[in-house]
Amino acid sequence: MTRPPNCVRRPPRRYRRPNSCFMAAENIFAEILDRVRRASDALVTAGDLPAGIDQSRVTVEPPRDPTHGDMATNAAMVLAKDAGKKPRELAAAIAAKLGADPLVDKVEVAGPGFINLTLKPVAWLDALRTAVRRGGRYGESDIGRNAPVNVEYVSANPTGPMHIGHCRGAVFGDALANLLAFTGFEVAREYYVNDAGAQVDVLARSAFLRYREALGQEIGDIPEGLYPGDYLKPVGVALAAQYGDTLCGQPEPLWLPVVRAKAVAMMMALIREDLAALGIDHEVFFSERSLHEPRNGGPSRIAETIAFLESKGLLYRGTLPPPKGKVMEDWEPRELLLFRATEFGDDVDRPVLKSDGSPAYITPDIAYHRDKFERGFANMIDVLGADHAGYVKRLNAAVQAVSDGKATLDVKVCQLVRFLREGQPAKMSKRAGELVTVRQVVDEVGSDAVRFMMLFRKNDAVLDFDLAKVIEQSRDNPVFYVQYGHARGKSVFRNARTVFPDLPEEIASLTDVADLGQLTDAAELGLVRRIALYPRVVESASLAHEPHRIAFYLFDLASDFHALWTLGNATPHLRFIIQDDRQRTVARLVLVQGVVAVLASGLALLGVGAPDEMR
RNA sequence: GCGCCCGUAGCUCAGCUGGAUAGAGCGCUGCCCUCCGAAGGCAGAGGUCAGGGGUUCGAAUCCCUUCGGGCGCGCCA
């Protein structure tokens with residue numbers, strides 16, 4: 001019998017961190033932070049700071065105002081209280097140590113006790129060299145320390161093709177998973193298949209009609225309450241081919257499981273095609289139904305979970321107060337088996353069993369998250385749609401309960417997307433009974449545009465998606481603007497080869513011979529600094545579970561690059577290719593290669609293509 | 001009624017988990033190509049970070065509160 005395969009494991013498709021050691025200077029900000037800490041440690045040794053002082057709040061950041069130097073640290077201000085010293089006094093002491101650092105050109109104490117650092121140019125040029133050498137792996141890190149993380153996303157009901165409401169969460173979850181893998185987490189991409197609820201029974205009845213239709217029977221209009229979509233016709237045809245008319249004479253309890261399994265399997269195939277169109281491919285499809293079924297002749301996962309909660313004293317029989325703010329005609333108090341969710345911060349205790357004894361809606365979810373925990377995931381991320389925002393507290397309560405507080409769950413709620421065309425609500429053709437689908441949108445504007453735009457906003461803010469704007473070729477369209485940056489870089493290399501035909505195939509291989517000291521213009525060095533920022537952005541985006549930071553960073557990087565390019569219009573000596581100066585050209589090609597590498601790396605994290613030329 | 005999210009330039013939004021004089025795009029104003037690098041770039045104007053309290057060296061960011069807007073609320077799924 002066909003059924004969505006449970007826990008089918010395949011090797012992660014997109015990214016796996018190879019075994020390797022990382023260069024210390026991969027992230028120049030982390031490197032400098034390390035040196036600041038060592039300076040503070042030296043003061044501890046000298047007795048100027050108390051032993052064991054907490055340095056966890058010390059940060060190194062690029063200052064907003066470039067006149068404040070390359071980096072600023074708050075070390076003195078953060079440590080001052082514990083040290084019993086004045087911030088500026090302490091700052092002077094730390095600054096004195098840092099001034100001796102070979103990477104540091106200049107140190108200043110400013111404002112309330114900031115220590116502003118200006119690095120030697122060689123420090124930045126080293127960062128560029130690193131970026132070019134590392135290529136697509138630049139920004140990779142091991143901050144995750146191989147900790148397993150389970151990212152559950154999409155989880156659309158298997159009752160039809162994906163509609164656009166699922167699009168944002170799908171792209172978000174996928175990009176977040178990429179990001180976590182890139183930063184050293186052991187990531188599982190998981191899809192929770194709701195193949196057990198009442199809605200899949202409705203699906204089965206709808207498919208059964210199509211089955212009779214395929215057998216040549218007159219079925220008339222699809223009754224209210226069933227799924228009318230044409231996408232169920234192939235299910236009817238397949239059933240007819242497989243079973244002939246043998247299901248017709250059977251009572252519903254006999255044919256329903258058969259039809260349901262077939263329909264769910266075919267709907268999942270449909271959804272996986274839709275996901276594939278967006279470049280999404282989960283490693284695990286977890287069947288809700290499997291949680292209801294006995295395991296090896298023993299109790300089901302759900303029964304086990306209820307017993308577990310019982311043993312922890314987290315269940316009791318009681319009645320809930322009536323829901324407020326809503327007229328409930330048929331509400332009456334009933335005694336139910338309740339889960340003490342309020343002990344974990346939820347607003348009310350939640351029923352585990354309905355009055356008829358069957359599991360309530362959250363119960364399989366509790367069992368599911370318990371299963372994740374027992375599979376070794378102490379870190380879980382659930383990506384949900386806006387309509388599930390009210391569900392966050394009870395999921396957190398469930399995870400706390402089933403893991404004895406040992407697991408963390410971060411629920412990322414993706415807000416609504418408003419589809420527009422030229423600023424007006426988009427009218428999209430809907431065939432009878434079908435919602436607007438993901439496929440329609442991808443077919444119209446392409447996967448790259450959909451993915452980038454879904455990530456060009458914080459997940460918790462509503463998003464306007466203008467179908468006309470995203471295919472414009474202008475700065476107003478960030479997808480184009482960033483991809484164009486990559487293509488433009490590649491075109492520099494093509495042009496450079498016509499001037500210097502002996503240039504190597506791989507521009508990156510010039511890194512060792514290039515004299516990067518040739519990069520002296522403020523605009524060039526600004527671009528180098530932006531490139532050096534990338535590992536820091538990746539790290540913070542990963543830890544915050546906010547892939548949109550990558551998208552905004554790429555936009556800024558492309559912006560810097562386009563600006564430098566255009567500068568060459570008015571000032572020819574700043575052009576990347578200088579006919580009679582091979583050495584300078586080579587240095588600049590390495591710079592452009594840095595831009596190209598970071599754009600390609602960042603776009604790959606977002607799952608967006610990096611074209612060699614725009615068409 | 002309760003919970004969650006949002007409120008930053010005329011518009012659409014960033015703001016690096018508390019840092020210095022709050023940024024970008026669009027729009028507006030003024031510039032930069034007689035195709036060889038303008039699908040672009042530069043400059044300017046534009047702000048009580050919704051209002052009010054608090055926490056501390058320091059708040060758009062954290063806490064409380066008021067006002068606006070969105071989503072949700074069930075033994076449904």
Side-chain angles (χ1 to χ4, degrees), chain A residues 29 57 59 61-65 67-68 72-74 76-78 80-81 86-88 110-114 116 157 159 194 197-200 202 319-320 322-326 328 330-332 334-338 346-348 350-363 385-393 411 413 415-416 423 456-464 466 469 472-478 480-481 484 487-488 491-492 495 533 536-537 539-541 543-544 546 548-549 551-553 555-556 559 562-570 572 574-577 614:
Chain A
F29 289 88
R57 291 174 58 219
T59 61
E61 301 182 332
R64 261 202 297 257
D65 185 342
T67 65
H68 291 148
T73 177
N74 62 356
M77 292 179 290
V78 170
K81 190 174 256 183
K86 289 181 181 164
R88 286 196 63 110
F114 285 103
N116 291 335
N157 286 341
T159 52
N194 291 105
Q199 81 282 8
V200 285
V202 173
T319 53
L320 289 171
K324 292 179 178 167
K326 218 178 170 183
M328 301 284 291
D330 54 351
W331 191 88
E332 54 183 88
R334 284 213 190 108
E335 199 181 64
L336 293 163
L337 187 61
L338 300 175
D346 201 354
D347 305 312
V348 289
R350 304 289 173 178
V352 165
L353 295 177
K354 300 184 200 173
S355 53
D356 67 359
S358 63
Y361 181 64
I362 46 162
T363 310
D387 53 343
H388 282 70
Y391 209 60
V392 176
K393 281 188 182 178
V411 180
V413 174
Q415 281 299 328
L416 299 174
F456 201 58
R457 184 109 321 166
K458 281 180 299 200
N459 62 286
D460 50 12
V462 295
L463 163 64
D464 286 347
D466 196 312
K469 192 67 84 184
E472 247 176 45
Q473 301 203 328
S474 74
R475 172 152 204 184
D476 202 18
N477 173 11
F480 165 77
Y481 193 70
Y484 181 44
R488 211 174 212 183
S491 101
V492 170
N495 292 337
L533 201 57
R536 184 186 146 84
V537 172
E539 185 177 314
S540 79
L543 294 176
E546 291 187 352
H548 78 273
R549 293 187 195 184
F552 280 95
Y553 167 85
F555 186 78
D556 290 340
S559 183
H562 288 308
L564 178 56
W565 170 290
T566 310
L567 217 48
N569 283 333
L574 283 180
R575 294 184 179 194
F576 296 116
I577 302 162
M614 302 304 285

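B:rU12 and B:rG18: their C1' atoms are spaced 27 Å apart (whole Å). Annotation: B:rA45 and B:rU29 have their P atoms spaced 16 Å apart (nearest Å). One P atom belongs to B:rG44, the other to B:rG7, and the distance between them is 28 Å to the nearest Å. Nucleotides B:rG15 and B:rU21 have their C1' atoms positioned 15 Å apart, rounded to a whole Å. For B:rC62 and B:rC28, the P atoms lie 36 Å apart once the distance is rounded to whole Å. Comparing the C1' positions of B:rC11 and B:rU17 gives an interatomic distance of 29 Å, to the nearest angstrom. The separation of B:rC26 from B:rC63, taken at their P atoms, amounts to 35 Å, rounded to a whole angstrom. Using atom P as the reference point in both B:rC64 and B:rC2, the two lie 15 Å apart (nearest Å).
Between the CG atom of A:Asp387 and the P atom of B:rG74 there is a distance of 13 Å, given to the nearest Å. Remark: C1' of B:rC42 and CG of A:Leu564 are 14 Å apart, rounded to the nearest angstrom. For A:Leu416 and B:rC4, the CG to P distance is 18 Å, given to the nearest whole Å. A:Arg549 places its CZ atom 11 Å from the C1' atom of B:rA14, with the value rounded to the nearest Å. Atom CG of A:Asp347 is separated from atom C1' of B:rG1 by 13 Å (rounded to the nearest Å). At whole-Å resolution of the value, CZ in A:Arg488 and P in B:rG40 are 8 Å apart. Per the geometry, NZ belonging to A:Lys81 stands 12 Å off P belonging to B:rU55, to the nearest Å. Rounded to whole Å, atom C1' of B:rC2 lies 12 Å from atom CG of A:Asp346.
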| query | Do A:Arg536 and A:Glu61 pass the side-chain contact (heavy atoms from CB on, under 4.5 Å) test, and can you show the C-alpha distance, the side-chain angles, and the key distance before you say yes or no? | reply | CA-CA 10 Å; A:Arg536 184 186 146 84; A:Glu61 301 182 332; 3.7 Å; yes
| query | How far apart are the C-alpha atoms of A:Leu338 and A:Leu320, what are their side-chain angles, what is the distance that settles it, and do they pass the side-chain contact (heavy atoms from CB on, under 4.5 Å) test? | reply | CA-CA 9 Å; A:Leu338 300 175; A:Leu320 289 171; 4.0 Å; yes
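Both distances falling under 3.5 Å, in either a Watson-Crick or a G-U wobble arrangement, place B:rG7 opposite B:rC67. A 3.5 Å limit on both hydrogen-bonding distances identifies B:rG30 as the Watson-Crick or G-U partner of B:rC42. In this structure, B:rC73 forms a base pair with B:rG1, meeting either the Watson-Crick or the G-U wobble geometry with both donor-acceptor distances under 3.5 Å. In this structure, B:rG23 forms a base pair with B:rC13, meeting either the Watson-Crick or the G-U wobble geometry with both donor-acceptor distances under 3.5 Å.
Contact record, A:Asn74 with A:Thr59: OD1-N, 2.9 Å, taken as the closest heavy-atom pair. Heavy atoms only, all atoms of each residue included: A:Leu533 and A:Pro62 are closest at CD1-CG, 3.9 Å. For A:Val78 against A:Arg57, the heavy-atom pair with the smallest separation is CG1-CB, 3.4 Å. Scanning all heavy atoms of the two residues, the minimum distance from A:Gln415 to A:Ala386 falls at OE1-CB, 3.6 Å. Counting all heavy atoms, side chain and backbone alike, A:His68 lies closest to A:Pro63 at CB-CB, 3.9 Å.
The side chain of A:Glu61 sits closest to B:rU17 out of B:rC71, B:rU17, B:rC4. If you check B:rG15, B:rG19, B:rC4 against the side chain of A:Phe114, the one that comes closest is B:rG19. Relative to the side chain of A:Glu546, the nucleotides B:rG41, B:rG15, B:rC16 differ in distance, and B:rG15 lies closest. With distances taken from any side-chain atom of A:His548 to the nucleotides B:rC5, B:rU17, B:rG15, the minimum falls on B:rG15.
Between A:Asp556 and A:Gly568, it is A:Asp556 whose nearest contact on RNA chain B lies nearer the 5' terminus. Heavy-atom nearest nucleotides on RNA chain B were determined for A:Val492 and for A:Pro87, and the one closer to the 5' end corresponds to A:Val492.
Looking only at distances, a side-chain donor or acceptor of A:Asn459 sits under 3.5 Å from a matching main-chain atom of A:Val413.
Residue A:Ala386 is in sugar-phosphate contact alone, with no base atom involved, counting any heavy-atom pair closer than 4.0 Å across all strands shown. Counting any heavy atom pair closer than 4.0 Å across all strands shown, A:Ala80 reaches no nucleic acid atom. No contact: A:Ala541 has no heavy atom under 4.0 Å from any strand. Looking at heavy-atom distances under 4.0 Å, A:Asn477 makes no contact with the nucleic acid at all.
A glycosidic torsion no more than 90° from 0 defines the syn conformation, and B:rC33 adopts it.
Atom-to-atom distance recorded for A:Glu546:CD and A:Asp460:CG is 7.5 Å, nearest 0.5 angstrom. Atom CZ of A:Arg457 is separated from atom CZ of A:Phe552 by 5.5 Å, given to the nearest 0.5 angstrom. Interatomic distance, CG of A:Asn157 versus CD of A:Gln199, reported as 4.5 Å (0.5 Å rounding). Put simply, CD1 on A:Ile362 and CG on A:Asp346 are 8.0 Å apart, with the number rounded to the nearest 0.5 Å. The distance from atom CG of A:Leu567 to atom CG of A:Leu574, rounded to the nearest 0.5 Å, is 5.0 Å.
Taking 4.0 angstrom as the limit, A:Tyr481 places a side-chain polar atom (N or O) nearer than this to OP1 or OP2 of B:rG41.
A:His562 does not qualify as a stacking partner of the B:rG40 base, lacking a centre-to-centre distance under 5.5 Å together with planes within 30°. You cannot call A:Tyr484 stacked on the base of B:rA39; the centres under 5.5 Å and planes under 30° rule is not satisfied.
On a pure distance criterion of 3.5 Å, no polar donor-acceptor pair joins the side chain of A:Asn74 and the base of B:rA20.
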Dump the pairs, protein N or O against N or O of nucleotides 6-13 of chain B, anything under 3.5 Å, distances to one decimal.
| residue | atom | partner | partner atom | Å |
| --- | --- | --- | --- | --- |
| B:rC13 | O5' | A:Arg457 | NH1 | 2.8 |
| B:rC13 | O3' | A:Arg457 | NE | 3.2 |
| B:rC13 | O2' | A:Arg457 | NH2 | 3.1 |

Using atom names, set out every protein N or O paired with an N or O of nucleotides 75-77 of chain B below 3.5 Å, distance rounded to 0.1 Å.
| residue | atom | partner | partner atom | Å |
| --- | --- | --- | --- | --- |
| B:rC75 | O2 | A:Ser355 | N | 2.9 |
| B:rC75 | O2 | A:Ser355 | OG | 3.1 |
| B:rC75 | N3 | A:Arg334 | NH1 | 3.0 |
| B:rC75 | N3 | A:Ser355 | OG | 2.8 |
| B:rC75 | N4 | A:Arg334 | NE | 3.3 |
| B:rC75 | N4 | A:Arg334 | NH1 | 2.8 |
| B:rA77 | OP2 | A:Lys354 | NZ | 3.4 |
| B:rA77 | O3' | A:Gln199 | OE1 | 2.1 |
| B:rA77 | O3' | A:Gln199 | NE2 | 3.4 |

Anything under 3.5 Å between a protein N or O and an N or O of nucleotides 28-34 of chain B, put it in a table, one pair a line.
none

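When A:Phe480, A:Tyr484, A:Phe456 are each tested for a ring-ring contact (aromatic ring centres under 6.0 Å, His included) with A:Phe555, only one passes: A:Phe456.
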